[in-house]
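Let me begin by presenting the structure, written as structure tokens, before commenting on it.
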Amino acid sequence: MKKQIEQLVAAALQRLTQDGVIPPEAVVAPKIERTRDSRHGDFATNIAMVLAKPARTNPRELAQRLLDALPSSALLESCAIAGPGFINFSLAASAYHSLIPAILEQGPSYGRSELGRGRRIQVEFVSANPTGPLHVGHGRGAAYGSVVADLLEAIGFDVHREYYVNDAGRQMDILATSVWLRYLELCDETLSFPANGYRGDYVWDIAATLHRDHGEAYKQDAEAVFQGVAADEPDGGDKEAHIDDLILRAKQLLGDNRYRFVFELGLNTILDDIRDDLGLFGVTYDEWYSERSLTESGAVNRAIERLRNSGHLYEKEGAVWFRSTDYGDEKDRVVIRDNGQTTYFASDIAYHMDKLERGFDRVIDVWGADHHGYVPRVKAALQALGDDPSKLDVLLVQFAILYRGGEKVQMSTRSGEFVTLRELRKEVGADAARFFYVMRKCEQHMDFDLDLAKSQSNDNPVYYVQYAHARICSVFQQAAEQGIPVASDPSAADYGLLSEPHEQSLITSLAKYPEAVEAAALHEEPHQLTHYLRELANDFHTYYNAHKFLIEDSALRNARVQLILATRQVVRNGLNLLGVSAPEKM
RNA sequence: GCCCUCGUAGCUCAGCAGGAUAGAGCAAUCGCCUCCUAAGCGAUAGGUCACAGGUUCGACUCCUGUCGAGGGCGCCA
């Protein structure tokens with residue numbers, strides 16, 4: 001509908017340009033907006049105020065000339081000039097009436113569009129290190145990323161969902177060593193667990209698997225393991241040096257193959273857990289992209305060579321640095337350490353280079369807000385590689401703070417005392433968790449009220465929307481039980497009978513759905529969809545309370561029944577995009 | 001110290017990316033079930049949009065500064 005009005009106004013603008021009223025260079029695409037107040041009609045444009053100055057006239061006069069030049073259309077009931085120079089459009093009733101059968105005919109595809117057709121977007125999200133189970137912080141990124149991906153797909157983009165697996169690097173070595181030390185303890189060795197090791201119960205579980213399946217094949221004397229290792233923090237030493245030495249000892253004592261085995265066991269166990277966890281949360285990927293594969297395929301070296309050949313690298317203090325300050329970063333960054341190992345950043349350069357080489361038109365990274373300092377250096381790298389950094393959009397997701405009983409839930413990764421996504425799912429359910437996560441703008445710090453998410457009451461916005469769906473289903477249940485005939489042909493009903501204000505505002509809300517989906521997708525703002533759904537549900541609940549649908553008058557009944565069927569379809573489509581179920585009964 | 005995000009009703013948040021009289025939900029008060037699910041609906045009350053400047057026909061929205069909250073500033077990942 002909006003599109004059609006845009007075309008009408010554009011045609012009027014073209015005529016005025018030809019007539020010399022508006023200088024051609026001043027013409028911009030007219031912006032048509034929904035009015036906030038229904039007294040201003042359905043749509044409005046501020047184009048006359050925007051163009052008044054270049055046209056050397058006043059806004060209201062220009063608005064009048066635009067109206068005179070506007071092609072006639074069956075869509076419009078009336079047009080009027082208002083306020084400082086707005087042009088308000090009121091739609092003809094028939095424009096809305098044809099919407100109901102259109103929605104029912106399109107079904108699940110109502111609201112989808114072809115806007116992004118032919119363009120490929122990659123969305124990378126979560127990508128948590130596989131060193132432990134996902135916690136509630138990752139949950140927000142998971143819900144947000146998956147809904148953004150679904151939204152972009154809904155408006156026609158070819159979307160590729162990806163999880164970057166950090167299966168290389170020091171953190172993974174710390175995990176492997178932690179598992180091995182716990183395993184030694186299961187072999188009745190006595191040792192003091194490193195301050196910087198991973199302490200969660202899941203580490204014990206992996207160690208127990210190793211012990212159960214392989215007995216003492218990986219056992220070493222604990223005293224020998226700790227021989228010559230730098231002191232740990234509690235003993236007045238450096239915890240980093242301590243754990244690094246332990247990793248070294250693990251590699252020496254176990255040898256390459258056995259160390260590798262422990263490493264892989266830890267990695268695969270946790271990755272399986274993450275995959276399973278996300279799956280139950282309604283999050284799936286097209287690809288799990290291994291960091292290690294970047295080294296193995298030579299992509300890391302290739303990226304470094306490209307930077308070196310284009311003169312963006314230099315050596316200092318035994319390390320190789322990337323001059324990211326040339327592209328606005330605060331300081332230069334190391335890509336190869338003095339020990340010859342490439343840094344995580346080097347992998348990330350290669351990964352983003354690879355993303356663009358794979359031919360995506362746009363690449364979206366969803367990161368935790370704590371990584372925001374990382375954005376300039378990645379963009380700098382793309383620019384230095386001669387790629388277009390504007391193809392990369394980094395969306396930062398703020399942390400969620402959990403509240404239970406009005407109290408902040410304390411979390412600490414170190415001690416292993418954090419709330420996992422799995423626990424959250426079990427406590428509040430996947431539907432409520434997803435809805436709550438995307439209810440807020442992603443850059444907004446979020447207070448996640450566990451009690452509210454759990455509560456089966458009118459306070460809970462998830463149930464509010466789902467209840468609208470269940471209520472409609474219930475009406476049809478009633479109709480069947482009472483033997484009330486329900487017409488099955490949407491095009492046969494007389495929608496002119498839907499003259500109640502409640503009906504008109506409900507139909508208007510249904511018409512807004514495609515606009516809500518498009519806006520939410522283009523701005524990567526799922527919360528726009530949750531707000532829309534809440535409003536739609538409100539319109540329905542109000543209507544439900546004011547009027548009965550299963551009435552004697554069969555003509556009016558049929559029209560109303562089609563209207564709430566269309567409403568059910570839109571609620572279902574919207575919830576589906578959010579990855580939230582649409583229950584038939586509650 | 002430098003950088004990023006945020007600051008709107010008692011609380012949690014929107015505000016259609018510069019537009020018309022700043023809106024919801026919760027909490028508060030008052031109403032509505034012999035009637036398709038009351039997990040619902042209606043009404044009342046609640047605001048110096050943190051503060052101060054600036055940009056223009058117009059600013060909650062853009063710019064600068066101040067104050068406040070959170071986060072980031074490793075040859076960690």
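The side chain of A:Val475 lies closest to B:C36, out of B:A20, B:C36, B:C76. Listed nucleotides: B:G19, B:G71, B:A77. Nearest to the side chain of A:Tyr374: B:A77. Listed nucleotides: B:G19, B:C75, B:G70. Nearest to the side chain of A:Val334: B:C75. Among B:A39, B:C75, B:C36, the nucleotide with an atom closest to any side-chain atom of A:Asp338 is B:C75.
An OP1 or OP2 oxygen of B:C73 is reached within less than 4.0 angstrom by no side-chain nitrogen or oxygen of A:Arg377. One finds no side-chain N or O of A:Arg34 lying less than 4.0 angstrom from the OP1 or OP2 phosphate oxygen of B:A20. Between A:Tyr464 and B:C41, a side-chain N or O to OP1/OP2 separation shorter than 4.0 Å is present. Within the structure, a side-chain polar atom (N or O) of A:Lys331 is placed less than 4.0 Å from OP1 or OP2 of B:C75.
With A:Tyr544 as the aromatic partner, A:Arg471 meets the cation-pi criteria of under 6.0 angstrom to the ring centre and within 45 degrees of the ring axis. A cation-pi arrangement, defined by a distance under 6.0 Å to the six-membered ring centre and an angle within 45 degrees of its axis, is present between A:Arg534 and A:Tyr464. Because its NZ or CZ atom is not both nearer than 6.0 Å to the ring centre of A:Tyr543 and within 45° of the ring axis, A:Arg560 does not count as a cation-pi partner of that residue.
No contact: A:Asp329 has no heavy atom under 4.0 Å from any strand. Within 4.0 Å of A:Ala44, counting heavy atoms only, lies at least one base atom of the nucleic acid. Residue contacts shown for A:Ala168 are limited to sugar-phosphate atoms, with no base heavy atom under 4.0 Å away. Within the 4.0 angstrom heavy-atom criterion, base atoms lie near A:Ala319. As judged by a 4.0 angstrom heavy-atom cut-off over every strand, A:Phe345 is placed among residues making no nucleic acid contact. If you check every strand for non-hydrogen atoms under 4.0 Å, A:Ala82 touches a base. Across all strands, A:Met49 comes closer than 4.0 Å to base atoms (heavy-atom distances).
Ring pair A:Tyr327/A:His312: centre-to-centre distance below 6.0 Å.
With 3.5 Å as the limit, one finds no donor-acceptor pair spanning the side chains of A:Gln504 and A:Glu500. Side-chain polar atoms of A:His469 and A:Arg572 form a donor-acceptor pair below 3.5 angstrom.
Salt-bridge check for A:Asp173 with A:Lys251: passed, with a basic side-chain N closer than 4.0 Å to an acidic carboxylate O. Using a 4.0 Å cut-off between charged side-chain N and carboxylate O, A:Glu525 and A:Lys441 make no salt bridge. The pair A:Glu33-A:Lys512 fails the salt-bridge criterion, with no side-chain N (NZ, NE, NH1 or NH2) lying under 4.0 Å from an Asp/Glu carboxylate O. Salt bridge status for A:Glu240 with A:Arg170: present, with a side-chain N to carboxylate O gap under 4.0 Å.
Taking for each of A:Arg337 and A:Ile87 the nucleotide of RNA chain B with the nearest heavy atom, the 5'-most of the two is the partner of A:Ile87.
Note that CD of A:Gln478 is 12.5 Å distant from SG of A:Cys473, once rounded to the nearest 0.5 Å. The structure places CG of A:Asp365 at 7.5 Å from OH of A:Tyr351, a figure rounded to the nearest 0.5 Å.
Below the 3.5 angstrom threshold, one finds no donor paired with an acceptor across the side chain of A:Asp370 and the base of B:A77.
Remark: A:Glu443 pairs with no residue by the side chain to side chain donor-acceptor pair (under 3.5 Å) rule, at least two apart or across chains. Under the side chain to side chain donor-acceptor pair (under 3.5 Å) criterion, A:Glu427 pairs with A:Arg404, A:Lys454, not counting sequence neighbours.
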Between the protein and nucleotides 9-15 of chain B, list the N/O to N/O atom pairs that are separated by less than 3.5 angstrom.
| residue | atom | partner | partner atom | Å |
| --- | --- | --- | --- | --- |
| B:U12 | O2' | A:Arg440 | NH2 | 3.1 |
| B:C13 | OP1 | A:His445 | O | 3.1 |
| B:C13 | OP1 | A:Asp447 | N | 3.2 |
| B:C13 | O2' | A:Arg440 | NH1 | 2.6 |
| B:A14 | OP1 | A:Lys441 | N | 3.0 |
| B:A14 | OP2 | A:Gln444 | NE2 | 3.0 |
| B:G15 | OP1 | A:His527 | NE2 | 3.3 |
| B:G15 | OP2 | A:Lys441 | NZ | 3.3 |

For this session: Dot-bracket notation for RNA chain B is requested: 5' to 3', Watson-Crick or G-U wobble pairs only, both distances under 3.5 Å, with ( ), [ ], | and . as defined.
Result: (((((((..((((.....[...)))).(((((.......))))).....(((((..]....))))))))))))....
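Heavy-atom distances under 4.0 Å link RNA chain B to no residue of residues 558-567 of chain A. Remark: A:Asn538, A:His541, A:Thr542, A:Tyr544, A:Asn545, A:His547, A:Lys548, A:Phe549, A:Leu550 in residues 536-551 of chain A come within less than 4.0 Å of RNA chain B through at least one heavy atom.
Nucleotide B:A17 carries a syn base; the chi torsion (O4'-C1'-N9-C4 or O4'-C1'-N1-C2) is within 90° of 0. Regarding the sugar-base torsion, B:C33 falls in the syn class, its angle being within 90° of 0.
Considering A:Leu536, A:Leu533, A:Leu578 as possible partners of A:Val465, the one that fulfils the side chain to side chain contact (heavy atoms under 4.5 Å, CB included) test is A:Leu533.
Using P as the reference atom, B:G46 and B:C2 are 43 Å apart when rounded to the nearest Å.
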